[in-house]
Amino acid sequence: MMADGGSLMFEKALEVIVTEEFEKRGLELKSFSAMLDFTDAVKNKVNERNEVNTDLSVLDQQIDRQRKQNELERLIAEQNRIRSSGITPQILAEEFIKKWDGSTPLYGSIPEIIKMQK
């Protein structure tokens with residue numbers, strides 16, 4: 001029982017056994033306190049098991065988080081592919097014009113619509 005649920009579960013099971021034995025003899029158990037203490041070897045094994053279970057839980061959470069992050073990245077990549085499939089030189093020129101503040105661009109190429117003839 002210690003391996004499955006720790007000392008509290010063991011004490012509860014012991015309380016049930018003692019209560020049943022009291023009832024068989026016509027007595028009523030009013031209170032129960034096992035005050036059990038386990039050897040250091042048993043305590044260490046339980047602590048090791050609890051530590052392993054905690055580590056596994058943390059790893060499961062990290063795996064779930066990474067899966068969700070991967071799925072988000074796939075969705076963002078798909079969204080970018082959909083957007084880019086509809087981008088044409090005309091749309092790029094229109095966006096350039098919408099964002100243009102009227103000054104000469106310092107980088108990139110100037111769309112044909114804006115280039116001035118000499």
Side-chain angles (χ1 to χ4, degrees):
M1 290 196 117
M2 276 295 290
D4 292 334
S7 64
L8 182 60
M9 188 173 179
F10 182 81
E11 287 179 22
K12 290 290 182 190
L14 182 59
E15 181 178 0
V16 168
I17 292 168
V18 172
T19 301
E20 289 172 355
E21 285 299 319
F22 269 58
E23 288 173 356
K24 285 179 188 176
R25 291 169 174 76
L27 301 170
E28 180 183 354
L29 181 66
K30 293 286 188 180
S31 105
F32 179 83
S33 178
M35 303 294 285
L36 296 175
D37 194 22
F38 298 95
T39 65
D40 287 340
V42 171
K43 289 178 187 176
N44 289 338
K45 284 293 182 186
V46 170
N47 287 337
E48 287 174 11
R49 186 206 66 223
N50 289 341
E51 188 174 329
V52 167
N53 288 342
T54 300
D55 291 346
L56 289 173
S57 177
V58 168
L59 287 173
D60 287 342
Q61 290 172 358
Q62 290 174 339
I63 289 168
D64 287 343
R65 188 176 87 220
Q66 188 63 50
R67 281 186 182 135
K68 289 180 187 289
Q69 185 65 38
N70 292 348
E71 181 62 20
L72 176 62
E73 289 173 10
R74 277 192 288 276
L75 290 170
I76 289 171
E78 180 65 21
Q79 181 183 30
N80 289 338
R81 275 193 292 279
I82 291 169
R83 279 188 185 151
S84 66
S85 67
I87 294 178
T88 63
Q90 292 79 10
I91 291 174
L92 289 175
E94 181 182 345
E95 288 299 314
F96 181 89
I97 293 167
K98 285 180 186 175
K99 292 181 172 53
W100 187 41
D101 64 0
S103 63
T104 304
L106 299 176
Y107 59 89
S109 61
I110 302 171
E112 291 296 323
I113 297 171
I114 298 175
K115 288 184 183 176
M116 298 187 144
Q117 298 292 328
K118 288 187 181 180

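In this chain, numbering begins with 1 at the start of the sequence shown.
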(message) Closer than 4.0 angstrom, basic N to acidic O: yes or no for Glu71 and Lys68?
(response) no

(message) Quick check on side-chain contact (heavy atoms from CB on, under 4.5 Å): which of Arg65, Arg67, Glu73 does Gln69 satisfy it with?
(response) Glu73

(request) Applying side chain to side chain contact (heavy atoms under 4.5 Å, CB included), run through Asn53 and Arg49 and close with a yes or a no. (result) CA-CA 6 Å; Asn53 288 342; Arg49 186 206 66 223; 3.8 Å; yes

(message) Strictly below 4.0 Å, N to O, side chains only: are Lys24 and Glu20 in salt-bridge contact?
(response) no

(message) Counting only heavy atoms from other residues, nucleotides and ligands, does the tally under 6.0 Å from CD of Glu78 exceed 12?
(response) yes

(request) State plainly whether one hydrophobic cluster holds both Phe32 and Leu27, where clusters connect Ile, Leu, Val, Met, Phe, Trp and Tyr through side-chain heavy atoms under 4.5 angstrom apart. (result) yes

(request) Please determine if Glu94 and Lys98 form a salt bridge, counting it only when a charged side-chain N lies under 4.0 Å from a carboxylate O. (result) yes

(message) What I want to check is whether the side chains of Asn70 and Gln66 have a donor and an acceptor closer together than 3.5 Å.
(response) yes

(message) Same cluster or not: Leu56 versus Val58, using hydrophobic residues (I, L, V, M, F, W, Y) connected whenever any side-chain heavy atoms lie under 4.5 Å apart?
(response) no

(request) Test side chain to side chain contact (heavy atoms under 4.5 Å, CB included) on Glu15 and Val18 and set out the steps. (result) CA-CA 5 Å; Glu15 181 178 0; Val18 172; 5.9 Å; no

(message) Taking Leu29 as the starting point, is it possible to reach Leu14 by hopping between hydrophobic residues whose side chains are less than 4.5 Å apart?
(response) yes

(request) Might you confirm whether atom CZ of Arg74 has over 12 heavy atoms from other residues, nucleotides or ligands at distances under 6.0 Å? (result) yes

(request) State the CG-CD distance between Asn44 and Glu51, to the nearest 0.5 angstrom. (result) 11.0 Å

